[in-house]
Protein chains: 2
Amino acid sequence: MKTNNPAFPSADHDHKHCVSLALKNAEAYCLQQGLRLTKLRHQVLELIWANHQPVGAYELLEQLTQEGRKAAPPTVYRALDFLMENGLVHRISSRNAYVGCSHAGHDHTAQFLICETCGQVAELDDARIGSVITKDADQLGFTVAQWTLEISGICDQCKRGTADE
Amino acid sequence: MKTNNPAFPSADHDHKHCVSLALKNAEAYCLQQGLRLTKLRHQVLELIWANHQPVGAYELLEQLTQEGRKAAPPTVYRALDFLMENGLVHRISSRNAYVGCSHAGHDHTAQFLICETCGQVAELDDARIGSVITKDADQLGFTVAQWTLEISGICDQCKRGTADE
DNA sequence: CTGCATTATGTTACAATATAACATAACAAT
DNA sequence: ATTGTTATGTTATATTGTAACATAATGCAG
Ligand SMILES: [Zn+2]
Ligand SMILES: [Zn+2]
Ligand SMILES: [Zn+2]
Ligand SMILES: [Zn+2]
């Protein structure tokens with residue numbers, strides 16, 4: 001399965017391509033896995049992919065409502081649960097927000113670079129990190145189930161003053 | 001400055017020692033830095049160190065009240081802010097909970113092993129992780145400000161059935 | 001197609017976590 | 001003592017997330 005661009009997308013990148021790729025991947029993945037990517041879930045996933053910034057659940061709720069859907073908090077949280085369980089979306093717990101997965105279907109653990117200026121998130125997938133973690137854990141007899149790494153800072157574009165927001 | 005034990009403490013470890021060491025270190029550090037470790041802050045820090053499990057803000061609030069202090073949410077959150085700003089406490093954002101820092105004064109970034117069974121948290125300080133992160137970030141032109149790594153799993157004692165809870 | 005089981009969504013109410021805004025108190029230095 | 005500063009008290013509210021139960025849609029057996 002093809003992945004989306006892992007790094008920070010430039011202000012003028014073809015984001016429609018990001019969206020359609022993510023949706024197409026999700027559709028294919030769900031089909032293949034026998035998962036029901038319902039209209040609601042598809043809609044939420046598309047809203048999440050509106051940009052590369054993590055989005056809050058209540059923000060999604062508001063947008064769903066604006067799009068004419070009858071929605072309450074559980075509507076959103078259930079869709080998010082489905083999307084997260086199936087690796088299509090990640091939660092950025094340091095922000096209580098959600099972001100589309102750039103490596104959906106890969107079976108990976110998430111590593112995020114979060115720009116404090118533009119709010120954009122890039123997803124890393126550096127195997128070395130997982131390997132160091134596993135080694136450390138092994139030494140302590142700790143069995144790793146999952147982990148998240150959230151890195152805050154300033155992205156290249158923001159340093160250069162070319163961010164899109 | 002002496003550090004507390006970095007790994008998962010055993011069920012029968014001398015936890016009073018952990019507490020007194022943490023408090024002593026905090027007092028010394030605040031004195032040296034000209035920081036005001038007030039009665040409230042000291043009290044909150046002590047409550048946080050009641051065990052090696054992260055504790056929620058409202059749990060702290062309840063305990064403060066039980067100890068006779070007039071407290072409301074801001075009371076706790078302000079104390080937590082102070083303690084976090086000064087590296088005496090870390091927030092486990094995947095749990096909305098707070099844990100005493102085992103390396104206070106070291107100027108380090110937090111890395112946590114969180115046992116899903118006993119709830120205990122061990123703080124790692126593996127420089128290799130930071131170094132990999134820095135390298136990855138550099139390649140993308142990303143300047144790292146801070147990061148957190150939260151690793152869930154099962155600790156050694158829980159696997160052996162000797163956890164303290 | 002029909003009835004039935006399963007899964008998804010709607011709906012209401014509420015729990016849990018965190019902050020805003022302003023008043024009072026404690027503290028530290030003149 | 002006076003005064004500016006920092007910390008705490010107090011009230012109210014914002015934000016994030018769930019529980020519980022009702023209804024609707026879907027998939028399938030017969
Ligand atoms: Zn894009
Ligand atoms: Zn940026
Ligand atoms: Zn201890
Ligand atoms: Zn354990």
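Per chain, numbering begins at 1; letters A, B, ... match sequence-line order.
Note on residues 133-142 of chain B: pairs passing salt bridge (Lys or Arg N to Asp or Glu O under 4.0 Å), not counting sequence neighbours, are Arg128(A)-Asp136(B).
For Tyr98(A) and His90(A), the gap between ring centers reaches or exceeds 6.0 Å.
Residues Pro73(A) and Ala79(A) each lie close to DNA chain C; by heavy-atom proximity, the contact nearer the 5' end of the strand is made by Ala79(A). The 5' end of DNA chain D is approached more closely, in terms of each residue's nearest nucleotide, by Leu40(B) than by the other of Leu40(B) and Gly56(A). Nearer the 5' end of DNA chain C, as judged by each residue's closest nucleotide, is the contact made by Ala71(A), out of Ala71(A) and Arg95(B).
Tyr58(A) qualifies as a stacking partner of the dT16(D) base, centre to centre under 5.5 Å and near-parallel within 30°.
For His15(A), the ring-ring contact (aromatic ring centres under 6.0 Å, His included) partners two or more places apart in sequence, or in a different chain, are His13(A), His52(A). Qualifying side-chain contact (heavy atoms from CB on, under 4.5 Å) partners for Gln63(A), counting only residues two or more places apart in sequence or in other chains: Leu47(A), Leu60(A). With sequence neighbours excluded, no residue satisfies side-chain contact (heavy atoms from CB on, under 4.5 Å) with Gln139(A).
In the set dG9(D), dT11(C), dT16(D), dG9(D) carries the atom at the smallest distance from any side-chain atom of Arg69(B).
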Polar pairs (N or O, both sides) under 3.5 Å between protein and nucleotides 21-26 of chain C?
none

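Terminal axes of the helix from dC1(C)-dG30(D) to dT30(C)-dA1(D) (five pairs each, C1' rotation axis) are separated by 30°, to the nearest 10°.
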